[in-house]
Amino acid sequence: MMENKTEYITKSVQEPLLKSEDIPDIDLYMDQVIQLFEQKFGSTKRHEEDKILTKTMINNYAKGKLFFPIKNKKYSKNHLILISLIYQLKGILSINDIKDTLSALNKEVTETNRSLESFYESYLAVQTKNAEHFKEEAALIDIEAAEEMQPKDKELEPILKIASMIHMSQMYKKAAETLIDELKLEADQKG
């Protein structure tokens, strides 16, 4: 039973990938962007009423300068790559941390007119490897929780697993925030 539960958990947290080939080479209007993200990530919603992406979200990202300005109310492939990254980052990071993280990418696009596709392909490759590592870690948490539990507390094992996973996510979050602070410090020293 435990092995099936771990398998269920690892399958449920794997998000579909918005691959480069899924992103049209033509510029899209906001409604088309929202539709693309709903189609690709709709299955990841925890609750049916949850929204993947809304006009308000996109407008807030633009106002917060999380991506470079759009042209003629259309979003380029580079915009969609950045919005995809924002979508992935927003569950953990603050808007300011996302802005600091993506500022170098935005600068690269605006100053050199560079495509972000090769960077995004690298990101997707790392994301795929991370999903495999997660499966291994989730199985280890199962084993470690079972080993550490007193027989009288076995019914509390799911709570121990939840607390352990949250602890791991907090450590990863703190490590990411440390890297963001270093990135920002480097950018401040350069500019």
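Only a predicted model underlies this, so the values are computations on that prediction, with no experimental measurement involved. All residue numbers in this chain count up from 1 along the given sequence.
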Which of these, L36, I83, I86, sits in a side chain to side chain contact (heavy atoms under 4.5 Å, CB included) with L53? I83
Mind checking whether M30 and K73 have side chains closer than 4.5 Å, heavy atoms only? no
Residue pair P158 / K154: nearest heavy atoms and the distance that separates them: CD-O, 4.4 Å
Are the side chain of T112 and the backbone of V109 linked by a donor-acceptor contact shorter than 3.5 Å? no
Quick one: ring-ring contact (aromatic ring centres under 6.0 Å, His included) pairs with a partner in residues 82-103, sequence neighbours left out? F41-Y87
Rounded to the nearest 0.5 Å, what's the gap from CD on E21 to CD on E121? Could you check? 6.5 Å
Lys/Arg N to Asp/Glu carboxylate O, K173 vs E177, below 4.0 Å: yes
Would you mind reporting whether I58 and Y75 have side-chain heavy atoms less than 4.5 Å apart? yes
Short question: side chain of D22, backbone of L18 - any donor-acceptor pair under 3.5 Å? no
E49 atom CD: more than 12 heavy-atom contacts under 6.0 Å: yes
I'd like to know if the side chain of D153 reaches the main chain of Q150, judged simply by a donor and an acceptor atom lying under 3.5 Å from each other, with no hydrogens or angles considered. no
Could you tell me whether a side-chain N or O of S169 sits under 3.5 Å from a main-chain N or O of I166, the two making a donor and an acceptor? yes
Rounded to the nearest 0.5 Å, what's the gap from CZ on F119 to CD1 on I81? Could you check? 9.5 Å
Shared hydrophobic cluster for I141 and I162 (ILVMFWY, side-chain gaps under 4.5 Å): no
Could you go step by step and tell me if S84 and Y123 meet the side chain to side chain donor-acceptor pair (under 3.5 Å) rule? CA-CA 11 Å; S84 180; Y123 165 75; over 6 Å; no
Let's go through D188 and K184 carefully: what are the C-alpha distance in whole Å and the side-chain angles of both, what is the deciding distance for side-chain contact (heavy atoms from CB on, under 4.5 Å) to 0.1 Å, and is it a yes or a no? CA-CA 6 Å; D188 290 346; K184 188 171 181 344; 3.6 Å; yes
Please determine whether residues L156 and L160 belong to a single hydrophobic cluster, defined as Ile, Leu, Val, Met, Phe, Trp and Tyr linked transitively by side-chain heavy-atom distances below 4.5 Å. yes
Would you name the heavy atoms of I52 and E38 that are closest together and state the gap between them? N-OE2, 3.1 Å
Side chains of D31 and K55: closer than 4.5 Å at any heavy-atom pair? yes
To the closest 0.5 Å, what do you measure between CG (N78) and CD1 (I23)? 9.0 Å
Lys/Arg N to Asp/Glu carboxylate O, K135 vs E132, below 4.0 Å: yes
Check this for me: K45, atom NZ, are more than 12 non-hydrogen atoms of other residues, nucleotides or ligands nearer than 6.0 Å? yes
Pairwise distance OG1(T178) to CD(E182) - rounded to 0.5 angstrom: 7.0 Å
Check: T44 main-chain N/O paired with D50 side-chain donor or acceptor under 3.5 Å: no
Looking at every heavy atom in both L124 and S20, which two are closest together, and how far apart are they? CD1-N, 4.2 Å
Looking only at heavy atoms, the pair that brings M57 and K90 closest together is SD-NZ, 3.5 Å
Distance (rounded to the nearest 0.5 Å) between S103 OG and I180 CD1: 10.5 Å
Test your reading of the model: is there a side-chain donor-acceptor pair from H79 to the backbone of S76, 3.5 Å cut-off? yes
Side-chain heavy-atom pair L82, Y61 within 4.5 angstrom cut-off: no
Between L85 and L116, is any pair of side-chain heavy atoms under 4.5 Å apart? no
Rounding to 0.5 Å, atoms CG (D25) and NZ (K77) come to a distance of 4.0 Å
Decide whether L183 and L105 are clustered together by the hydrophobic rule: side chain heavy atoms of Ile, Leu, Val, Met, Phe, Trp, Tyr closer than 4.5 Å, transitively. no
Side-chain contact test, heavy atoms from C-beta onward, threshold under 4.5 Å: evaluate it for L28 versus Q35 and give yes or no. no
